[in-house]
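So the structure is just underneath, and the comments pick up after that.
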There are 2 protein chains.
Amino acid sequence: MKQPNRTPERADGREPREPREYSIGELARELDITTRTIRFYEDIGLLTPARRGQTRIYSPADRVRLKLILRGKRLGLSLAESRELIDLYNPGTDNNQTQLRALLGKIHEKRSLLEQQLLDIRVMQQELDEAEQRCLNAMQKIHNK
Amino acid sequence: MKQPNRTPERADGREPREPREYSIGELARELDITTRTIRFYEDIGLLTPARRGQTRIYSPADRVRLKLILRGKRLGLSLAESRELIDLYNPGTDNNQTQLRALLGKIHEKRSLLEQQLLDIRVMQQELDEAEQRCLNAMQKIHNK
DNA sequence: GCCCAAGTTGACGTTAACGTAAAGTGCAGC
DNA sequence: GCTGCACTTTACGTTAACGTCAACTTGGGC
């Protein structure tokens with residue numbers, strides 16, 4: 001409701017169009033989660049924000065990670081699964097042959113999961129359409145009598 | 001591994017191609033869940049199988065309900081949400097005007113949820129594609145040196 | 001008659017993902 | 001210097017969705 005303009009407008013020459021850093025409260029408001037949640041994700045190692053003194057400072061990259069986690073949740077992934085997925089996008093630099101094979105395996109695994117979800121969604125959409133039709137028919141009957 | 005042929009082949013004339021009823025163990029094996037899970041769903045009112053004495057007897061309709069629940073889980077729905085959805089498909093016979101409006105509202109709500117999931121999945125698929133490419137490139141480099 | 005597999009009802013335990021309350025720190029404005 | 005707000009840590013509480021015994025009963029096969 002109030003727009004407190006929390007993004008620090010610096011007095012120096014360069015005005016960053018998108019802020020280079022975020023407070024925990026900013027992220028919480030923007031992503032509609034609680035600060036507790038964000039701190040919890042840090043506790044389990046999903047985020048490792050910088051610190052200025054005690055205060056956490058989040059980079060745009062941290063923000064992206066958070067959004068990835070939330071997208072995972074929307075698809076029903078556990079935090080552990082989201083972590084796996086994010087690790088797929090950010091592979092370590094120590095990729096030997098066997099690790100790469102494992103990565104590819106996981107990627108295929110996740111992909112087939114997504115395929116199944118696509119199927120499920122399509123069927124569900126159809127069923128919703130039918131339910132809506134039954135609903136509309138029932139309303140017609142009421143209106144016509 | 002073993003095929004104990006649990007479906008009761010009756011000696012009378014009619015041979016039901018798909019059995020009219022299922023035991024709890026059959027369903028558990030077929031759907032790859034535990035009997036505990038099925039009983040739990042009954043505890044919270046998601047299933048109300050018939051009984052022969054003490055023993056639970058599941059109808060094809062019960063089996064469909066169970067599959068709906070499991071599909072819901074694959075999409076990350078809670079059991080409460082799945083229950084809501086199923087109720088959308090099986091509306092009571094006492095549909096007055098306001099209830100119908102509420103139903104339509106819920107249907108639209110679920111639909112937009114599914115839309116969001118579709119978007120999420122599409123983006124995730126792209127990201128998986130990219131991750132796979134990076135993976136394959138890395139393997140190429142190893143192979144070429 | 002005995003056994004065994006599959007069923008039953010409790011009851012308590014467990015895990016994930018946070019919620020919530022307590023008690024303190026840091027700083028911007030008056 | 002005080003207030004207030006946003007941040008911090010610590011710690012215990014909570015809810016959903018089952019898992020895991022334990023202690024039965026029941027029907028079919030030998």
Side-chain angles (χ1 to χ4, degrees), chain A residues 1-11 19 21-58 62 66 68-85, chain B residues 1-11 19 21-58 62 66 68-85:
Chain A
M1 302 310 172
K2 26 177 182 174
Q3 277 115 317
N5 191 10
R6 303 277 316 156
T7 66
E9 302 295 329
R10 288 125 36 118
E21 52 186 58
Y22 307 83
S23 78
I24 193 172
E26 277 174 320
L27 285 184
R29 256 167 286 142
E30 178 190 350
L31 303 178
D32 198 31
I33 55 183
T34 70
T35 59
R36 174 71 179 89
T37 298
I38 299 180
R39 291 198 193 95
F40 173 71
Y41 292 163
E42 182 176 350
D43 280 354
I44 63 177
L46 276 175
L47 295 173
T48 49
R51 297 270 179 151
R52 176 161 24 250
Q54 294 237 93
T55 309
R56 278 162 254 251
I57 298 185
Y58 296 86
D62 289 326
L66 235 177
L68 287 180
I69 299 170
L70 298 180
R71 192 182 63 192
K73 292 196 64 181
R74 287 199 300 273
L75 293 178
L77 302 191
S78 71
L79 296 181
E81 289 169 324
S82 282
R83 186 206 314 270
E84 267 198 75
L85 250 175
Chain B
M1 302 310 171
K2 25 178 182 175
Q3 276 114 317
N5 191 9
R6 304 274 319 157
T7 69
E9 302 296 328
R10 289 124 37 114
E21 52 186 58
Y22 308 83
S23 77
I24 192 171
E26 277 175 319
L27 286 184
R29 254 166 289 140
E30 179 190 351
L31 304 179
D32 197 31
I33 54 183
T34 70
T35 60
R36 174 69 179 91
T37 297
I38 298 179
R39 292 197 192 95
F40 174 71
Y41 291 163
E42 183 176 351
D43 280 354
I44 63 176
L46 275 175
L47 295 172
T48 48
R51 297 271 180 149
R52 176 161 23 253
Q54 296 236 92
T55 308
R56 277 163 256 251
I57 298 185
Y58 296 87
D62 289 326
L66 235 176
L68 287 181
I69 299 170
L70 298 180
R71 193 183 63 192
K73 291 195 65 179
R74 287 199 299 274
L75 292 178
L77 301 192
S78 73
L79 296 181
E81 289 168 326
S82 282
R83 186 206 315 267
E84 267 199 76
L85 248 174

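Nothing here was measured: the structure is a model prediction, and the numbers come from that model.
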With a cut-off of less than 4.0 Å, is there a side-chain N or O of [X] near OP1 or OP2 of [N]?
X: B/Tyr41; N: D/dC18; result: yes
X: A/Thr35; N: D/dC7; result: no
X: A/Ser23; N: D/dC7; result: yes

Send over the distance from [X] [atom1] to [N] [atom2], rounded to a whole Å.
X: A/Arg83; N: C/dA16; atom1: CZ; atom2: P; answer: 11 Å
X: A/Glu42; N: C/dC18; atom1: CD; atom2: C1'; answer: 15 Å
X: B/Leu27; N: C/dA6; atom1: CG; atom2: P; answer: 15 Å
X: B/Leu70; N: D/dA17; atom1: CG; atom2: C1'; answer: 13 Å
X: A/Ile44; N: C/dT15; atom1: CD1; atom2: C1'; answer: 13 Å
X: A/Arg52; N: C/dC27; atom1: CZ; atom2: P; answer: 11 Å
X: A/Asp43; N: C/dC18; atom1: CG; atom2: C1'; answer: 11 Å
X: B/Glu81; N: D/dT15; atom1: CD; atom2: C1'; answer: 14 Å

Other residues, nucleotides, ligands: >12 heavy atoms within 6.0 Å of B/Arg51 CZ | yes
Return the minimal non-hydrogen interatomic distance between B/Ser82 and B/Leu77, and the atom names on each side.
->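 Shortest heavy-atom separation between B/Ser82 and B/Leu77 comes out as OG-CB, 3.9 Å.
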Looking at B/Leu79 and B/Leu46, what are the two nearest heavy atoms and their distance?
->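 Looking at all heavy atoms of both residues, the shortest contact is CB-CD1, 4.1 Å.
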Report which part of the nucleic acid [X] touches: base, sugar-phosphate, or nothing (heavy-atom distance under 4.0 Å, all strands).
X: B/Arg51; result: sugar-phosphate
X: B/Leu79; result: sugar-phosphate
X: A/Ser78; result: sugar-phosphate

Of the listed nucleotides ([options]), which one gets closest to any side-chain atom of [X]?
X: A/Phe40; options: D/dA17, C/dA17, C/dT20; answer: C/dA17
X: B/Arg39; options: D/dC7, C/dG7, D/dC18; answer: C/dG7
X: B/Thr34; options: D/dG19, C/dG19, C/dA17; answer: D/dG19
X: A/Thr37; options: C/dA17, C/dG19, C/dA11; answer: C/dG19

For B/Lys73 and B/Gln54, take the nucleotide of DNA chain D holding the closest heavy atom to each; which residue's nucleotide lies nearer the 5' end?
->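 That would be B/Lys73.
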Upstream residue (5' side of DNA chain D) when B/Leu77 and A/Ile24 are each assigned their closest nucleotide =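 Per heavy-atom nearest nucleotide, the more 5' residue is A/Ile24.
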Using the side-chain contact (heavy atoms from CB on, under 4.5 Å) rule, take A/Leu85 and A/Leu68 through it: C-alpha gap first, then chi angles, then the decisive distance, then the call.
-> CA-CA 9 Å; A/Leu85 250 175; A/Leu68 287 180; over 6 Å; no
Kindly indicate whether the side chain of B/Leu66, heavy atoms from C-beta on, has any atom under 4.5 Å from the side chain of B/Tyr58.
->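 Not in contact.
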